Amino acid sequence: MAFLDFVPNLGRRVLLTIPNLGAAARFLLRSLVAVINRHFSIQQLLKQVYGFGVRSLLLMMVAAFFTGMVLGFQGYYALVRFGATSALGTLVALSLLRELGPVLTALLFAGRAGSALTAEISSMKATEQLNAMEMMAVNPFAWVVAPRLWAGIIVVPILCAIFDLVGILGGYLISVPVLGVDGGTFWAQMQSNVTFSGDILTGLFKALCFGLVVTWIAAWQGYAAQPTAEGVGNATTRSVVTASLAVLGLDFILTAFLFT
Amino acid sequence: MEKRAIDWWVGIFVLLGIAALMVLALRVGNLSGFAYNDGYVLHANFTNVGSLKVRSPVRLGGVTIGEVTHIGMDPKTFMAKVTMRIEPKVKLPTDTGASIYTEGLLGEQYVAVQPGGMPQELKPGGTITMTQSAVNIDQLIGQMVFDKASGSK
Amino acid sequence: MAAEALVELENVHFSRGPHLVLAGVDMRIPQGAIVSLMGASGGGKTTMLNLMAGTLAPQSGRIRVAGQDLQALDFEDLYRLRRRMGMLFQHSALFTDFSAFENVAFPLRRHFRLSEGILRKLVLMKLEAVGLRGAAGLMPAELSGGMARRVALARAVVMDPMLIFYDEPFTGLDPISVGIIATLIRRLNDALGATSILVSHDVQETFSIADYGYILAGGKIIAEGSPEVLRASDSELARQFLGGQPDGPVPFHYPARDNYATALMSSAAAGEVI
Ligand SMILES: Nc1ncnc2c1ncn2[C@@H]1O[C@H](COP(=O)(O)OP(=O)(O)OP(=O)(O)O)[C@@H](O)[C@H]1O
Ligand SMILES: [Mg+2]
C-alpha cells in the first residue's frame with residue numbers, strides 16, 4: 001500500500017516544490033534588495049560576520065589542516081609509484097583550491113552557521129518577533145534577513161581562502177618534513193602549475209556562490225518553518241540537509257562551467 | 001559582546017582573509033610574476049620543447065636557478081626559442097649546454113643546464129647553442145618495444 | 001458615539017484556509033476611547049488586531065485607520081502609519097538577543113537619531129511606568145512571563161502612538177499588577193490622547209477602564225455598547241460570555257468536521273486494525 005502511494009506522493013511533492021521555489025526566490029530577491037532599505041544596518045552586518053566568520057574560524061582551520069595532511073599522505077603514496085612525487089605540491093594545491101576548499105568550507109558552514117541561522121529565524125517567527133518588528137514599522141527583511149544573507153556571501157569566500165592556505169600548509173608539513181619530498185620542488189611545481197585567476201579566484205568564486213546558496217536556504221527554511229518548537233527542529237535539520245546537497249550539486253555544475 | 005570588540009574581531013577576520021589571499025597569490029599562485037625578476041635573460045633554441053611551459057624551472061645539478069619566461073618560434077630556423085631568467089649570481093660559461101628533461105616518468109618538464117669549461121661567461125641576452133630537445137616518451141616507448149622485438153629475433 | 005472614528009471596519013471577512021475566522025465584522029473605534037474586544041478563545045480577536053494594523057489583509061471588506069484605507073496603502077505608507085501604532089503582543093514577542101532596555105529602545109533607535117542621554121531618559125521613563133526600571137539590564141530569558149509582558153507594554157508605548165493594541169495585557173499578572181496595568185492603560189490613553197483597543201478575558205478589569213465594548217462570537221459582533229449597556233444586555237450570547245457560563249449559544253469547541261461520538265468510534269476501529 002505504502003509503495004503504491006509513493007508515485008502520487010512524489011508527484012504531489014514535485015508540484016508543491018515548484019511554487020515553493022518561486023516563493024523562496026522572491027524571498028531571496030527581497031532580502032538582497034533590502035540592503036538599500038533604511039533599516040539595513042552595517043552594525044548588524046558586522047555582528048553577523050562576527051557570528052558566522054570569527055566564530056567558525058578555528059573549526060575551519062582545524063578541518064583544513066587535517067584535510068591538507070591527508071591529501072599530502074594520499075597524494076604521496078599515489079605518486080611515489082610513478083616516481084612523480086615532485087608533483088605533490090601541485091596535487092595538494094589544486095585539489096584544495098579548486099574543490100576541497102570551497103566545498104568543505106561550505107559544508108562546514110552549513111552545519112555550523114546555517115543550522116544556527118535557521119533555528120534563529122524560525123524561533124523569531126515562532127515567538128512573533130518578526131511580527132513585532134513589522135508592527136514597529138521595521139522591515140524584518142532589512143533588519144534580520146539581509147544582514148545575515150550578505151554576511152554569508154562575504155564570510156564564506158574569506159573562510160575559504162583561509163581554508164586553502166591552512167590546508168596547503170598542512171600538506172606541506174606532511175610532504176616535506178615527514179615524507180621527505182624536496183621543499184623547493186614542492187613549492188616550485190605548485191607555483192608553475194597554479195594560476196591566480198584560473199584556480200585561486202575561481203575557487204573563491206565557487207565559495208561565494210556556496211555562501212549565497214547556503215545562507216539563502218538556511219534563512220528561507222527558517223522563515224518558512226512551522227512556528228512551533230517541532231517546526232523549528234524540523235526546519236534546522238532540513239536546512240543542513242538541503243544546503244549540503246545543494247552545495248554538492250551546484251559544485252558539479254560550477255566545475256563543469258568554470259574549469260573547462 | 002561589546003560593539004567595539006565585534007568591530008575589532010571582524011576587522012581582524014577580514015584582514016586575515018586578505019592576507020590569506022595575498023599569500024595564496026604570491027606563494028602558491030606565483031602572481032608576483034617571475035620570481036627571478038632581478039635575473040638576467042638567456043635564450044636557447046630547441047627542435048622540440050615537449051610540454052615545457054612558461055614558469056617551468058631551470059635547473060643546474062638539480063638546483064633551481066631560474067625559470068622559463070617565454071617560449072616562441074623562430075620563423076627563420078623553425079626552432080623553438082626558449083627565453084629564461086637566471087639568478088644573477090649564477091654565471092654560466094659560453095659552452096654551457098641545455099636539455100629538456102622530465103622529472104620522473106610522469107613529472108613535469110624542466111630545462112637542465114650543464115656548464116662547460118670555457119673561461120668566458122655568457123652575457124645577459126646570450127644564447128645557449130648546445131641543446132638537447134625534449135625526449136618524446138611515446139617515441140621512446142615505441143622504440144624500446146621495437147628494439148626488444150628486433151633483439152629477440 | 002459622537003467622536004470621530006479612528007478605526008473603522010466595514011463588513012470584514014477573513015479566513016484561514018477553509019476556516020472562516022471573521023464573517024462580516026463592522027466596528028467603529030472612536031478617537032480617544034478605550035474599546036474592549038472580547039470573545040471566545042480562537043474567536044479571531046488577535047486576528048482582528050492584526051487586520052487593523054495591516055499585518056494581515058482581509059479577503060473582503062474595508063478597514064480604515066485615521067481616514068486611510070489600509071488596502072489602498074503601499075508598503076511605505078503602511079509602515080509610516082504603523083510608526084504611530086503600538087502593539088502589546090499576546091506572547092510579549094520580546095527580542096531574545098536584546099536586554100529589556102534595548103527592547104524598549106529598539107523602535108526609538110530605528111526611527112530617530114537620539115542622543116544616548118535622551119534615549120536613556122525616554123526608555124527608563126517607560127520602564128519606570130511599568131515598574132521595571134530595575135530590570136532594565138536583564139535579558140528576556142531572565143524575566144518572568146508577567147515581567148516580560150510589562151516590558152513589552154513599555155515597548156508598545158515608547159513611541160507615544162496614537163493607536164495602541166493590547167492583546168491580553170492582564171493574563172499572567174498578579175492581581176496587584178493587573179490593577180496597576182489597568183490604570184496605566186487608562187492614564188497612557190488620556191495622557192497621549194491615544195486610542196486603545198483592549199483584548200481581554202478579564203471582564204471586571206476591562207469594564208472598569210473601557211469606554212465601549214464589542215463582543216465577538218462566531219466571526220461576528222454579537223453585542224456592543226458601553227460596559228453598562230453590555231452588562232444589561234438581554235442577548236443570551238452576551239450574558240453567557242460575561243457571566244462565564246459553560247452552556248449557551250457560544251460554542252466552546254473549535255468546529256470539528258465530524259461528530260465526537262463518531263470520531264471516537266472510528267479511532268477505536270482504527271486501533272483494532274493496528
Ligand atoms: N498562523 C495561523 N495559521 C492558521 N490558522 C491560524 C493562524 N493563526 C490563527 N489561526 C486560526 O485563526 C483563528 C483565530 O485565531 P486568533 O489568534 O485570532 O484567536 P483569538 O481570538 O486571539 O484567541 P485567544 O483568545 O485564544 O488568543 C483560530 O481558529 C486559529 O486556529
Ligand atoms: Mg489571541
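So you know, we letter chains A, B, ... as the sequences are listed, proteins then strands, and number each from 1. For clarity, every value in this text was computed on a predicted model and none was experimentally measured.
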Quiz item: Looking only at heavy atoms, what is the nearest atom pair of A/Gln191 and B/Arg27, with distance?
Solution: NE2-O, 2.7 Å
Self-check item: Contact summary for B/Val10 and A/Leu46, nearest pair of heavy atoms
Solution: CG2-O, 3.3 Å
Self-check item: Residues that B/Lys91 engages under salt bridge (Lys or Arg N to Asp or Glu O under 4.0 Å), provided they are two or more places apart
Solution: none
Heavy-atom count around [X] [atom1] within 6.0 Å, excluding the residue itself: above 12?
| X | atom1 | value |
| --- | --- | --- |
| A/Phe205 | CZ | no |
| A/Gln74 | CD | no |
| A/Arg38 | CZ | yes |
| B/Met73 | CE | yes |

Exercise. With rounding to the nearest 0.5 Å, note down the distance linking CG in B/Leu26 to CZ in A/Phe196.
Key: 8.5 Å
Practice problem: Return the option, out of A/Gly198, A/Gly53, A/Ala188, with the maximum number of heavy-atom pairs under 4.5 Å with chain B. | Solution: A/Gly53
Quiz prompt | Option in A/Thr195, A/Leu204, A/Asn193, A/Asp199 with maximal non-hydrogen atom pairs under 4.5 Å from chain B | solution = A/Asn193
Quiz prompt | Any residue of residues 110-118 of chain B which, by heavy atoms, sits under 4.5 Å from chain A | solution = none
Practice problem: For side-chain contact (heavy atoms from CB on, under 4.5 Å), just list the numbers for B/Ile6 and A/Val54, CA-CA rounded to whole Å, side-chain angles, deciding distance to a tenth of an Å, and then say yes or no. | Solution: CA-CA 9 Å; B/Ile6 288 185; A/Val54 178; over 6 Å; no
Exercise. May I ask you to list the residues in residues 155-185 of chain A that approach chain B closer than 4.5 angstrom, counting heavy atoms only, ordered by number?
Key: A/Val155, A/Ile158, A/Leu159, A/Ala161, A/Ile162, A/Asp164, A/Leu165, A/Ile168, A/Thr185
Self-check item: Those residues of residues 88-110 of chain A, ordered by number, that approach chain B below 4.5 Å (heavy atom to heavy atom)
Solution: A/Ala93, A/Leu97
Practice problem: Side-chain contact test, heavy atoms from C-beta onward, threshold under 4.5 Å: evaluate it for A/Leu57 versus B/Leu16 and give yes or no. | Solution: yes
Practice problem: Under 4.5 Å heavy-atom distance to chain A, tell me which part of B/Val14 shows up: side chain, backbone, both or neither. | Solution: both
